[in-house]
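Input: a single structure, listed below in structure tokens.
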Protein chains: 2
Amino acid sequence: MSSAGRSLDGGSQVQVAAAAKGIPEATIARLPVYLRALTSLADRGIDTISSGALAEAAGVNSAQLRKDLSYLGSYGTRGVGYDVEYLRFQIGREVGSAHEWPVIIVGLGNLGTALANYSGFTSRGFRVVAMVDPSPDLIGKRIHGVAITDLADLEEEVARTGAAIAVLATPAEAAQAVADRLVYLGVTSILNFAATVLAVPDGVNVRKVDLGQELQILAYHEQRKSDDVQRELERGGTAQ
Amino acid sequence: MSSAGRSLDGGSQVQVAAAAKGIPEATIARLPVYLRALTSLADRGIDTISSGALAEAAGVNSAQLRKDLSYLGSYGTRGVGYDVEYLRFQIGREVGSAHEWPVIIVGLGNLGTALANYSGFTSRGFRVVAMVDPSPDLIGKRIHGVAITDLADLEEEVARTGAAIAVLATPAEAAQAVADRLVYLGVTSILNFAATVLAVPDGVNVRKVDLGQELQILAYHEQRKSDDVQRELERGGTAQ
DNA sequence: AGAAGTTTGTGAACGGTTGCACAAACTCCG
DNA sequence: CGGAGTTTGTGCAACCGTTCACAAACTTCT
Ligand SMILES: NC(=O)c1ccc[n+]([C@@H]2O[C@H](COP(=O)([O-])OP(=O)(O)OC[C@H]3O[C@@H](n4cnc5c(N)ncnc54)[C@H](O)[C@@H]3O)[C@@H](O)[C@H]2O)c1
Ligand SMILES: NC(=O)c1ccc[n+]([C@@H]2O[C@H](COP(=O)([O-])OP(=O)(O)OC[C@H]3O[C@@H](n4cnc5c(N)ncnc54)[C@H](O)[C@@H]3O)[C@@H](O)[C@H]2O)c1
């Protein structure tokens, strides 16, 4: 039960909910980066910026930035640039930070607790409205004024808070079962920290964050770097 | 100082160290996923698997899996499949989990501490050999037998441990300065958790993990889901 | 007002990634 | 031993994402 249309994930985090309107997935992934850069600029009192400067702040090519923004509309002025505050508003509206999203965290071990304590959450339009864990040691504890409740009460908590976004920080073995329950309860977005591939029906978006995977990608490149040095030494030493 | 060839990051995590040999970056990003699936299979006593079954476990298309593996060599047997243990060894060798990589963590607040406590680290070929933080409350504390040292001793710690991979979990404001020092000390791979764009010279690989970004991508899709419902209601109500 | 300078928005070319479809290579069974 | 069945490895075509390059639209200066 509950492993219908797949829509799995695996390395490339691309999966669309239904038939998309038009903005490419790659662009969507960059919008938050632009938003952060704009916020930083606004904080420093800058109110107009060119695509070149904003692109540099966001770490992308300026043509790419302009193309990305062009999917949202024509919010710049030729010969001038973009109004920081206005552009921020427009991207924010697109990304959905107009209203505050209620989020439920499942699993409050090492990682889940760190996430719950994280303040950067709030400033980006998310609020942790519920936290559940089966451990008696954790139930009742409060983080930022919200109490941890029993995993058994997951149903009530989701219903009570209306959270559509869940953060999964349980052991890998438990992740799929929890995800199934969440999906059944109407959760349609899951951020998965457990090192496992989640099967969810179509219409549910899953993004995974896998620290081990990231490190292994870095290790691969490290490996190649030392391989190269090795090869160079050999070439120098025993010149064929 | 120290912002030479850029090699920045921004949404799409693609950046190659030098001139790559041949394996596409997209494939490299999936190898750890395959590795994890193979380990899980091996634990369950399965010793042979077809591309179809492995692809399902990894959440990818079977043609893609076969193509990915073909970059490494011909490790399968037609009509049979892949030997789990052998394939695991081969991918592991490629990814660099043959030897254990020393890793230094900078910044041991909420997140850094959670990472340091994380055991899944070790099982994937990484060992936290040093942890530094400027806070007097943290210096001297031990996690898994390793003591937290003063940020001022960063130079000695990197030299002593020979770590080429660093994990950055400092506040965003401090990240660039720490990265500059790390790069100067010879660190060539950085996993960045701070919500900021790092500028590093060519030859240094940066991967970033940004929880806020991930949530905002999910929020975007949530937004569109409710937009769709909205539009449908309107269409039903005031049928033009 | 007109010319020179600046910067956006986008068509078009390019390069990388994915998935199909099928020959080649194997196993199994009669 | 030969034919049926299975599964890999890969050429190829479609797709997606990135970057170049330039006209259009604006500002500024004279
Ligand atoms: N800690 C890290 O830095 C880190 C990094 C990357 C990935 N992860 C992954 O994140 C997950 C959590 O890691 P952690 O270090 O916090 O582990 P942890 O063991 O500290 O915490 C797991 C928590 O989940 C709870 N739990 C157990 N069974 C549950 C269930 N069926 N439903 C809901 N909750 C349940 C436990 O009570 C515990 O509080 C793991 O899958 C881990 O692989 C952790
Ligand atoms: N906690 C999370 O769940 C979470 C999630 C996503 C991103 N982040 C990001 O990760 C980073 C760390 O988050 P956190 O919640 O652990 O913050 P934190 O404030 O709990 O920890 C930051 C740590 O960095 C140390 N530090 C301060 N200045 C430093 C410097 N110059 N060099 C080295 N260390 C320094 C501090 O002493 C502290 O221990 C932040 O950039 C945050 O935005 C955190």
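Side chains are part of it too, since the values below use all heavy atoms of this structure and drop only hydrogens, waters and symmetry mates.
Set against C:dG9, D:dT18, D:dT7, the side chain of A:Gln64 has D:dT18 as its closest nucleotide. Minimum atom distance to the side chain of B:Tyr82 is reached by D:dT8, of the listed D:dT8, D:dT10, C:dT8. Distance from the side chain of B:Ala63 is smallest to C:dC20 among C:dC20, C:dT17, D:dG17.
The list of salt bridge (charged side-chain N to carboxylate O under 4.0 Å, His left out) pairs with a residue in residues 77-87 of chain B, not counting sequence neighbours, reads B:Glu85-B:Arg88.
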Do A:Asp68 and A:Tyr34 pass the side chain to side chain donor-acceptor pair (under 3.5 Å) test, and can you show the C-alpha distance, the side-chain angles, and the key distance before you say yes or no?
CA-CA 10 Å; A:Asp68 282 344; A:Tyr34 302 153; 2.5 Å; yes
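With hydrogens and angles ignored, the 3.5 Å screen pairs no side-chain donor or acceptor of A:Thr77 with any backbone N or O of A:Val80. In this structure a side-chain-to-backbone donor-acceptor pair under 3.5 Å is missing from A:Gln90 to A:Gly73.
An OP1 or OP2 oxygen of C:dC20 is reached within less than 4.0 angstrom by no side-chain nitrogen or oxygen of B:Arg66. Under 4.0 angstrom from either OP1 or OP2 of C:dC20 there lies at least one side-chain N or O belonging to B:Asn61. Between A:Ser51 and C:dT7 there is no side-chain polar atom (N or O) within less than 4.0 angstrom of OP1 or OP2.
A:Ser40 and A:Arg44 share a side-chain donor-acceptor pair at under 3.5 Å.
When the C1' atom of C:dT7 is taken as reference, atom CD1 of A:Ile49 falls 13 Å away, rounded to whole Å. A:Leu87 places its CG atom 16 Å from the P atom of C:dT7, with the value rounded to the nearest Å. Counting to the nearest Å, the P atom of C:dT10 and the CG atom of A:Leu72 are 12 Å from each other. The distance from atom CG of A:Leu65 to atom P of D:dC20 is 14 Å, rounded to the nearest whole Å. Atom CG of A:Leu69 and atom C1' of D:dG17 are 16 Å apart (whole Å). Rounded to whole Å, the distance from CD1 on B:Ile28 to C1' on C:dT18 is 17 Å. Remark: C1' of D:dC26 and CG of A:Asp83 are 15 Å apart, rounded to the nearest angstrom. Following rounding to the nearest Å, A:Tyr71 (OH) and C:dG11 (C1') show an atom-to-atom distance of 12 Å.
The residue among A:Thr27 and B:Gly52 whose nearest nucleotide of DNA chain D is located toward the 5' end is B:Gly52.
With ring centers used as reference points, B:Tyr75 lies 6.0 Å or more from B:Tyr82.
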So which protein nitrogen or oxygen atoms get under 3.5 Å of nucleotides 26-30 of chain C's nitrogens or oxygens?
{"unit_1": "C:dC26", "atom_1": "O4'", "unit_2": "B:Arg78", "atom_2": "O", "d": "3.4"}

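Side-chain to base pairing of A:Lys67 with C:dG9: no donor and acceptor N or O lie closer than 3.5 Å to each other.
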Under 3.5 Å, which donor-acceptor pairs link side chains of residues 187-194 of chain B to any protein atom two or more places apart or in another chain?
{"unit_1": "B:Thr188", "atom_1": "OG1", "unit_2": "A:Glu222", "atom_2": "OE1", "d": "3.1"}
{"unit_1": "B:Thr188", "atom_1": "OG1", "unit_2": "A:Glu222", "atom_2": "OE2", "d": "2.5"}
{"unit_1": "B:Ser189", "atom_1": "OG", "unit_2": "A:Glu222", "atom_2": "OE2", "d": "2.6"}
{"unit_1": "B:Asn192", "atom_1": "OD1", "unit_2": "B:Ala194", "atom_2": "N", "d": "3.0"}
{"unit_1": "B:Asn192", "atom_1": "ND2", "unit_2": "B:Ala194", "atom_2": "O", "d": "3.2"}
{"unit_1": "B:Asn192", "atom_1": "ND2", "unit_2": "B:Thr196", "atom_2": "O", "d": "3.2"}

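A:Tyr75 comes within contact range of the sugar-phosphate backbone alone, with a heavy-atom separation under 4.0 Å but no base atom that close.
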